Structure formats: structure tokens, C-alpha cells
Number of protein chains: 2
Amino acid sequence: MFTKVLVSEDMDDINKGVYTLLSELGIKEIHQVQYCDDAYLKIKKAVLDAAPYQLLITDLYFKTDHREQRFLSGEDLAKALKEVYPALKIIIYSVEDKIQKVRTLINTYGIDAYVCKSRRGLKELIKAIEAVSKNQTYLSPEVETALSKKTDLEISDYDIELLKQLSLGYSKDEISEIFKKNSITPSSVSSIEKRQNKLFIQFKANNAINLVAIVKDLGLI
Amino acid sequence: MFTKVLVSEDMDDINKGVYTLLSELGIKEIHQVQYCDDAYLKIKKAVLDAAPYQLLITDLYFKTDHREQRFLSGEDLAKALKEVYPALKIIIYSVEDKIQKVRTLINTYGIDAYVCKSRRGLKELIKAIEAVSKNQTYLSPEVETALSKKTDLEISDYDIELLKQLSLGYSKDEISEIFKKNSITPSSVSSIEKRQNKLFIQFKANNAINLVAIVKDLGLI
DNA sequence: TTTTATAATACGGATGTCCGTAAGGAATTG
DNA sequence: CAATTCCTTACGGACATCCGTATTATAAAA
């Protein structure tokens with residue numbers, strides 16, 4: 001079992017709940033931060049001090065306030081940490097239950113567990129901690145389809161960028177120009193439309209308006 | 001100060017935090033529920049027993065699970081309660097910080113305070129409780145512009161319905177037909193476009209795609 | 001290098017959107 | 001009652017989108 005754990009969560013009340021839980025599990029060193037940047041610095045320092053954290057439990061979304069932050073979300077934080085310290089286990093503990101987001105976190109960034117905050121959230125968190133300590137990954141029931149589902153729909157960065165530009169209200173011509181300026185390829189109007197048509201099919205959308213509405217609900221943009 | 005308070009919040013960890021806070025404020029009777037329906041029943045019963053609650057603190061969003069619920073959100077609950085028991089004070093305690101939603105809750109349903117969950121959420125909650133006990137309304141800083149802002153943009157039910165149909169991917173012709181079937185007036189394509197143009201201006205949208213993206217972000221649909 | 005496959009671009013036509021103007025109705029006011 | 005105002009509806013032109021097909025470019029295989 002883990003002996004040194006960091007909890008990154010902006011809301012003080014939730015933070016307290018998780019802290020209590022970890023104490024009950026017999027974990028000796030439990031530290032808490034309310035900002036992603038603090039989490040990164042603490043983890044970095046602990047490594048330099050030869051006493052690294054074994055586990056990070058972090059929320060996904062952090063309210064922004066006056067403090068300027070390098071990492072704006074648990075996603076940014078997890079991505080950066082897994083690149084530098086791949087040995088560090090990371091559990092995401094968030095209310096978010098969008099499958100696509102979970103899929104990215106697991107497949108692309110390599111996080112170890114994803115637990116949805118809910119009525120039984122703390123109990124799920126226990127399961128996750130136990131699984132991760134055995135080098136397993138864990139997904140709480142709400143999102144466990146994220147991996148099982150074979151339809152790894154392969155939404156590329158290009159698709160996301162296209163959807164963003166659409167949602168900002170740019171026409172196909174304008175998006176084509178923007179892509180050319182930013183050296184994003186393919187950039188022709190025709191290719192953009194072709195890619196959009198694929199998205200129509202994938203998301204069962206009737207038109208561009210519908211498409212943007214759907215991917216907004218999915219949390220892709 | 002209040003002596004009998006009900007807390008309605010699905011997440012157990014947060015619920016615990018609020019409970020502790022109320023205890024520290026010296027409130028004697030504090031009860032907790034994790035479902036809106038339970039809140040409604042408890043409040044109703046307390047009235048029948050001639051020992052009514054004076055204050056309800058409720059979250060806005062509740063995760064749905066196997067239990068069938070009459071009230072799906074704190075909004076539904078607050079609306080129903082204010083109709084039947086207008087004397088009951090209601091504080092909404094939610095992460096949601098969409099101005100338009102707060103505005104509706106205050107102006108239409110008559111809730112007494114709105115506190116955004118955040119790093120300082122519990123401290124704001126104290127202020128809200130004190131204000132409400134003096135028959136004042138309270139809004140935490142994140143949303144206090146909801147009332148001061150004169151631009152009560154007057155988004156009508158018609159507008160919301162139109163935006164919904166757009167987001168579902170229907171063409172103007174189809175929406176016109178739908179409106180005619182449902183006796184929603186005006187229903188001509190021309191009028192629908194005219195109304196849409198107003199929305200373009202209000203939300204500074206470039207086209208329908210952009211418009212739907214914006215109102216989705218605002219939480220209007 | 002040539003052949004083949006794959007991806008990117010160009011183009012055209014049917015349809016939909018955007019936006020201005022104008023005509024017809026209903027309610028308000030003098 | 002007529003006049004005015006406000007709202008709904010109708011129509012048309014410029015433009016954008018959607019979607020099919022055809023052509024060109026790029027990369028991989030023979």
C-alpha cells in the first residue's frame with residue numbers, strides 16, 4: 001500500500017473528506033494542495049529530496065482565481081507529470097463522466113485510475129487506490145465502458161481543432177485560411193468538408209450546428 | 001439565527017463539510033438528505049408536525065441513479081417549495097456560476113441566496129446564512145452581477161425553444177413546421193430568422209453554429 | 001522508375017442560410 | 001373611425017453549405 005500521497009483538489013470541503021479517507025486507510029504521509037501548480041512543485045521537490053510521492057489523487061477542474069497558474073486543469077497536470085515522472089501513480093477524482101475524456105486520459109496520458117465523484121464516490125476511490133497499488137488500472141462503474149468499448153472513435157487533434165473553429169463561427173473558407181496560416185494540413189475547403197462529413201456520421205449529426213452541440217455535450221471542446 | 005436546517009446534497013463528502021460548518025454556527029437541528037425527493041418529503045412532514053424547517057441549503061445538480069425521482073434538480077425542488085412554503089428560506093449552494101441561471105432562480109423562483117462552491121465556498125456560505133437570517137438576499141462574488149447588471153437580456157421561452165431546435169440540427173423550414181404543429185407562435189421561417197438575428201446580436205454570434213456553441217457554454221440549453 | 005494506392009484539392013449543382021425590403025394583420029392611440 | 005405602431009409573414013438576391021464526382025499530388029510498393 002502507499003505511504004506517501006498527494007491530494008490535489010480546489011474545494012476545501014471535498015479535500016477534507018478525501019484526507020479522512022486516506023487516514024483511515026492507514027496512509028502515513030498525506031499532503032493537500034488547492035492548485036495544480038502547487039501539486040507539480042511539491043511532487044518535483046519530493047523527488048529532489050529523494051522522498052517522492054507514490055500516488056497523486058487529483059480533480060480535473062479547478063476554479064480559476066487571481067493566482068496565475070501554469071497548469072489550469074488536472075488534465076494538464078497529469079499529462080506533464082506522466083511525461084517527467086512515469087512511475088508516479090495518478091488517480092483522477094472528478095465529477096466529469098464523459099467517456100471520451102476518460103479515454104484520452106487513459107490511452108494518451110496513461111493515468112492509472114478514474115473515479116467519478118458521486119454518492120458512493122469515496123467507496124469507489126478506495127477500490128481505485130487498492131487496484132492502483134497492485135499496478136492495475138481502475139475505472140468507476142460510470143465510465144468503465146471507456147476502455148471496453150471497441151469503438152475508439154479516433155477523434156484526432158485535427159478534428160478537435162476543426163470543431164473548435166466551427167464553434168467559433170468561422171466559415172469553411174475562413175477555417176481554410178486559418179489552417180493554411182498555421183500550417184495545419186489538410187487545409188482546403190474540400191478536405192475540411194470531407195472531414196466534417198466523417199464527423200457527421202460518427203456523431204449522427206444532421207448539420208454543423210447539431211455537430212457542435214453534440215461535441216459540446218460530450219465535452220470534446 | 002436559524003435553529004432547524006436541512007441540507008440537500010448528493011455527494012457525501014461535501015455534505016459532511018457543510019454539516020460541520022452548521023454545527024460550528026450553533027445550529028441545533030441539522031438534517032441531511034442525498035435526494036431532492038427526500039428533501040421535499042422531510043420538509044412537508046416537518047410542517048405537518050408543526051416543527052418546520054426554517055432554512056434549506058441545496059445543491060443544484062444531483063447525479064441520477066437507480067432511484068426514480070420526482071425532482072431531478074435543486075431548481076425543481078426550490079421552485080416547488082417556494083410555491084407551497086414561501087416562508088421557507090432557500091440557499092442554493094452549487095458549483096454552477098452561470099449568471100442567467102442565477103437570475104432565473106432569484107427573479108422567477110424567489111430563492112434567498114446563491115453561493116458558488118469554490119475554494120472559499122464555505123466562508124461564503126456563512127455570509128449567506130447570516131444575510132438570509134436577516135431576510136436579505138445574498139449572492140457570492142462570482143455571480144453578484146446577476147442582479148446588478150441591468151441587461152436583463154430577456155431571453156424568452158420562445159428563444160430557448162428555438163435554440164434547442166437549432167442545436168438538434170433542424171433546418172429553419174423544419175423548425176417552422178414543428179412550431180406550427182405545437183402551436184408555437186410566431187412560426188414562419190421569416191419570423192424565426194428575425195428572432196435568430198436578435199440572438200446573434202445579443203450573444204455577438206457570427207452564425208447559428210457559433211450561437212449554439214455560446215448558449216451551450218452559458219448553460220441556457 | 002513505373003505502378004498502385006491513398007490522400008488532398010478542385011469544381012458544380014441542389015439546397016439552406018443570411019439579410020434586406022415589403023406587404024398584410026392585429027392591437028393601441030388619438 | 002382612421003392613424004399609428006408593432007408584429008407576423010412573404011419574397012428575392014447574395015452567399016454558404018452540403019455532397020457527389022473528378023482531377024491532381026503524395027507516398028508506398030513492385
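Remember, it's a predicted structure, so these values are computed and weren't measured experimentally. First the proteins, then the strands, lettered A, B, ... as listed; each starts at 1. Any value given below was found using the heavy atoms of this structure, including those in side chains, with hydrogens, waters and symmetry copies removed.
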Report each atom pair, protein N/O against N/O of nucleotides 9-12 of chain C, whose distance is under 3.5 angstrom.
| residue | atom | partner | partner atom | Å |
| --- | --- | --- | --- | --- |
| C/dT9 | OP2 | A/Ser187 | N | 3.1 |
| C/dT9 | OP2 | A/Ser188 | N | 3.1 |
| C/dT9 | OP2 | A/Ser188 | OG | 3.2 |
| C/dT9 | OP2 | A/Ser191 | OG | 3.2 |
| C/dT9 | O5' | A/Ser188 | OG | 3.4 |
| C/dT9 | O4 | A/Lys194 | NZ | 3.4 |
| C/dA10 | N7 | A/Ser190 | OG | 3.0 |
| C/dA10 | N6 | A/Ser190 | OG | 3.0 |

| said: For A/Lys79, give me all partners under salt bridge (Lys or Arg N to Asp or Glu O under 4.0 Å), at least two apart in sequence or on another chain. | reply: none
| request: Using the test salt bridge (Lys or Arg N to Asp or Glu O under 4.0 Å), find all partners of B/Lys172 that sit at least two apart in sequence or belong to another chain. | output: none
| Non-neighbouring partners of A/Lys42 that pass side-chain hydrogen bond (donor to acceptor under 3.5 Å, both in side chains), sequence neighbours left out | none
Distance-only criterion, 3.5 Å: show the donor-acceptor pairs between side-chain atoms of residues 206-221 of chain B and protein atoms not counting sequence neighbours.
| residue | atom | partner | partner atom | Å |
| --- | --- | --- | --- | --- |
| B/Asn206 | ND2 | A/Leu168 | O | 3.2 |
| B/Asn207 | OD1 | B/Ile209 | N | 3.1 |
| B/Asn207 | OD1 | B/Asn210 | N | 2.9 |
| B/Asn207 | ND2 | A/Gly169 | O | 3.0 |
| B/Asn210 | OD1 | B/Asn206 | N | 3.1 |
| B/Asn210 | ND2 | A/Ser167 | O | 2.7 |
| B/Asn210 | ND2 | A/Leu168 | O | 3.4 |
| B/Lys216 | NZ | A/Asp217 | OD1 | 3.0 |
| B/Lys216 | NZ | A/Asp217 | OD2 | 3.3 |
| B/Asp217 | OD1 | A/Lys216 | NZ | 3.1 |
| B/Asp217 | OD2 | A/Lys216 | NZ | 3.3 |

Distance-only check: which donor-acceptor pairs under 3.5 Å involve side-chain atoms of residues 178-189 of chain A, not counting sequence neighbours?
| residue | atom | partner | partner atom | Å |
| --- | --- | --- | --- | --- |
| A/Ser188 | OG | A/Ser191 | N | 3.0 |
| A/Ser188 | OG | A/Ser191 | OG | 3.1 |

| Can you list every ring pair (Phe, Tyr, Trp, His ring centres under 6.0 Å) pair that touches residues 59-84 of chain B, not counting sequence neighbours? | B/Tyr40-B/Phe71
| task | Please identify each residue that fulfils salt bridge (Lys or Arg N to Asp or Glu O under 4.0 Å) with B/Lys45, with sequence neighbours left out. | result | B/Asp49
| request: Using a strict cut-off of less than 4.0 Å between a Lys/Arg side-chain nitrogen and an Asp/Glu carboxylate oxygen, indicate whether B/Lys82 and B/Asp112 qualify as a salt bridge. | output: yes
| message | A/Lys127: which residues meet the salt bridge (Lys or Arg N to Asp or Glu O under 4.0 Å) condition with it, sequence neighbours left out? | response | A/Glu124
| Could you give all pairs that pass the ring pair (Phe, Tyr, Trp, His ring centres under 6.0 Å) test and reach residues 85-111 of chain B, with sequence neighbours left out? | none
| task | Mind checking B/Asp173 for me? I need base, sugar-phosphate or nothing, with any heavy atom below 4.0 Å counting as a touch. | result | nothing
| remark: Rounded to 10°, the angle between the first-five-pair and last-five-pair axes of the helix from C/dT1-D/dA30 to C/dG30-D/dC1 is 20°
| query | Which of residues 204-216 of chain B have a heavy atom under 4.0 Å from DNA chain C? | reply | B/Asn207, B/Ala208
